[in-house]
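Quantities reported herein were computed from a predicted structural model and do not represent experimental measurements.
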Amino acid sequence: MGSLGILAERRAKAAIPFGGIYRIIDFVLSNLMNADIERVGILTQYRPASLIDHIGSGASWDLFDDARD
């Protein structure tokens, strides 16, 4: 098993909780938005359901906010 072992048995590594309410992917998405990167694609090949549920529509990171233009 990988370095995250038992933590990644039921969810994608990017969806593993970190520091309470955050997930590992939250830090990546936050950095992308702060760098004014407007188009983001997320690919996962292992247990994507919890990651998709967490990301939702992307509104939490202003991924679809027209005011950014």
Tell me whether Ile52 shares a hydrophobic cluster with Val40, the cluster being built from Ile, Leu, Val, Met, Phe, Trp, Tyr side chains joined at under 4.5 Å. no
Please list, chain by chain and in numerical order, all residues satisfying side-chain contact (heavy atoms from CB on, under 4.5 Å) with Ile16, sequence neighbours excluded. Leu4, Leu7, Ala8, Arg11, Lys13, Ile24
Tightest non-hydrogen contact, residues His54 and Ile21, listed as CE1-O, 4.5 Å
Once the angle between the rings of Phe27 and Tyr22 is folded into 0 to 90°, is it parallel (under 30°), tilted (30 to 60°) or perpendicular (over 60°)? tilted
Test item: Asp26 side-chain N/O and Arg23 main-chain N/O as donor-acceptor pair under 3.5 Å: yes
What distance do Leu29 atom CG and Ile55 atom CD1 have between them, rounded to the nearest 0.5 Å? 5.5 Å
